[in-house]
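Notes to accompany the following structure.
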Amino acid sequence: MRQAYVIDAVRTAVGKRGGALAEVHPADLGAAALRGLVERTGIDPAVVDDVIVGCVDNIGPQAGNIGRTMWLTAGYPEDVPGVTVDRQCGSSQQAINFGAQAIMSGTAEVIVAAGVQNMSAIPISAAMLAGKEYGFDSPFVGATGWDSRYGTGEVSQFRGAELIAEKWGITREDMERWALRSHERARAAIAGGRFEAEIVPVGEFTVDQGPRETSLEKMATLPPLGEGSPLTAAVASQISDGASATLLASEWAVREYGLTPRARIHHVSARGADPIFMLSAPIPATQWALEKTGLTIDDIDVIEINEAFAPVVLAWIKEIGADPAKVNVNGGAIALGHPLGATGAKLFATLVHELERVNGRYGLLTICEGGGTANVTIIERLGAAE
């Protein structure tokens, strides 16, 4: 099988809700990531075969195939196509996986995989709520097959996180300790300049706004998200704005265009689980990926798993047996934010750079997604000792 190589992976700094990126049009936000990627790699935009972009809540300025729009907004060739992918929180990770599969299959040589989301402009679940005007209160309830299989109860990430906490015996204190660790790690990473190499500017904005000083005592004072819920805002990912982009290339393209690859795609896959639990799928998805590759979790040097909610990560660690010291070592979405469609390629950029920083060989990325699915991407750093 042909190899898919990672040439570079970049992201914007993440803006908090109502923060530095709130007034930036999503197409301009995505274009900033694309320009940064093209400038850093020196790739001729005309040789790109496709632009695959993750985005969620595709209405308003994020509608009309934002993947195509942001490429044109960046000023790049009209004859290069673009497409938008919606796999919920894993959308731009799926964009990377689709791009890798295209290269591995021989149907493409150069792919830009990216993501964008302005949650300040288009609130989370806006697309789901848009149907109310037409008499649909939910994308799920009311479909005869869905109702007969899953009932008419709540379908939400909040309910899923509560069910996970209950099933795996994860307490509010457990979650708050992980949340505190996320903030501490993120602040240390920023202070140590660990993100500087992966961030491209949007104007003068270059530093993540999410991480904050907090404590277990402060977290303990927060009200639950619902009556009797173990969840609070402190253990949930932050609503955010941002963009990200990755350049993938075949071996032929590396030689033809004088590119310098940093890693290769070792494995891509996706698996599903209970859609009511919704956020538990990274567990079977990771088990599947490790079985397929013959790797063990101990072979993985750097792990990025999206912190949609703290119990997602804690349950995954329990089931997979991962070393917490390798998981989200620079903080996660609880501290750094979760700009939905941009998160997959954002975490991928952090994975690539961190794997180099620690001189590791294998890195693993997994993200829980609406609908009860999860992607897994495993990369191998080039030049790593076998």
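Residues: numbered from 1 along the sequence shown.
- At a cut-off of 3.5 Å, with distance as the only test, a side-chain donor of Thr343 or His338 sits close to an acceptor on the other residue.
- Side chain of Ser92 to backbone of Gly344: a donor-acceptor contact under 3.5 angstrom is found.
- A salt bridge between Arg181 and Glu184 is absent, with no side-chain N of the basic residue lying under 4.0 Å from a carboxylate O of the acidic one.
- Side-chain atoms of His266 and Arg264 form a donor-acceptor pair, as typed in the model, at a separation below 3.5 Å.
- A distance of 5.0 Å separates CD of Glu319 from CD1 of Ile283, quoted to the nearest 0.5 Å.
- Donor-acceptor pairing under 3.5 Å is lacking for the side chains of Asn330 and Arg185.
- Between Trp71 and Val80, the closest side-chain pair of non-hydrogen atoms falls below 4.5 Å.
- For residues 216-240, there are no salt bridge (charged side-chain N to carboxylate O under 4.0 Å, His left out) pairs, not counting sequence neighbours.
- Salt bridge status for Arg381 with Glu356: absent, with no side-chain N to carboxylate O gap under 4.0 Å.
- The closest donor-acceptor contact from the side chain of Asp57 to the backbone of Ala127 lies under 3.5 Å.
- In this model, a donor atom of one side chain and an acceptor atom of the other lie less than 3.5 Å apart for Ser120 and Asp241.
- In the hydrophobic clustering of ILVMFWY residues, with side-chain heavy atoms under 4.5 Å counting as a link, Val10 and Val48 come out together.
- Between the side chains of Asn118 and Gln62, not a single donor N or O lies within less than 3.5 Å of an accepting N or O.
- Using modelled atom types, one finds a donor on one side chain and an acceptor on the other under 3.5 Å when comparing Ser182 with Glu307.
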Would Arg262 and Asp8 satisfy side chain to side chain contact (heavy atoms under 4.5 Å, CB included), going step by step from the backbone distance to the final call?
-> CA-CA 7 Å; Arg262 301 170 68 174; Asp8 208 346; 2.5 Å; yes
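- Taking 4.0 Å as the cut-off between side-chain N and carboxylate O, Glu78 and Arg68 do not count as a salt-bridged pair.
- Screening Glu198, Glu304, Arg194 for a side-chain hydrogen bond (donor to acceptor under 3.5 Å, both in side chains) with Thr350, the sole residue that qualifies is Glu198.
- Counting heavy atoms of neighbouring residues, nucleotides and ligands inside a 6.0 Å radius, atom CZ of Phe136 does not exceed 12 of them.
- Heavy-atom contacts from other residues, nucleotides or ligands closer than 6.0 Å to CD of Glu256 number more than 12.
- Judged by distance alone, with hydrogens and angles left aside, the side-chain atoms of Ser240 form a donor-acceptor pair with the main-chain N or O of Gln238 at under 3.5 Å.
- Residues Thr373 and Glu369 have side chains that bring a donor and an acceptor to within less than 3.5 angstrom of each other.
- Applying the 6.0 Å contact sphere to NZ of Lys292 captures no more than 12 heavy atoms from other residues, nucleotides or ligands.
- With sequence neighbours excluded, the residues forming a side-chain contact (heavy atoms from CB on, under 4.5 Å) with Glu251 are Tyr5, Arg255, listed by chain and number.
- Between the side chains of Asn65 and Thr84, a donor-acceptor pair is found at a separation under 3.5 Å.
- A donor-acceptor pair is defined here as one N or O able to donate and one able to accept, closer than 3.5 Å; no such pair exists between the side chain of Ser280 and the backbone of Phe277.
- With 3.5 Å as the limit, one finds a donor-acceptor pair spanning the side chains of Asp299 and Thr296.
- Open room surrounds CZ on Arg17; 12 or fewer heavy atoms of other groups in view lie less than 6.0 Å from it.
- Residue Ile190 holds its CD1 atom at 5.0 Å from CG of Asp208, rounded to the nearest 0.5 Å.
- Heavy atoms only, all atoms of each residue included: Leu34 and Tyr76 are closest at O-OH, 4.0 Å.
- Checked against the 6.0 Å centroid criterion, the rings of Trp252 and Tyr257 qualify as a close aromatic pair.
- Between the CD1 atom in Ile103 and the CE atom in Met1 there is a gap of 13.0 Å [rounded to 0.5 Å].
- When the shell of 6.0 Å around CD of Glu154 is examined, it contains more than 12 heavy atoms from other residues, nucleotides or ligands.
- In this structure, Ser105 contributes its side chain and Gln101 its backbone to a donor-acceptor pair below 3.5 Å.
- Counting heavy atoms from C-beta on, the side chains of Pro282 and Ile305 come closer than 4.5 Å.
- A donor-acceptor pair shorter than 3.5 Å can be found between the side chains of Gln93 and Thr377.
- Residues Val376 and Asn97 approach most closely at O-ND2, 3.8 Å, considering heavy atoms.
- Heavy-atom minimum distance, Gln88 versus Val56: O-CG2, 3.3 Å.
- No more than 12 heavy atoms of other residues, nucleotides or ligands sit less than 6.0 Å from atom NZ of Lys16.
- Side-chain contact of Ser269 with Asn375: a donor-acceptor pair under 3.5 Å is absent, judged by distance alone.
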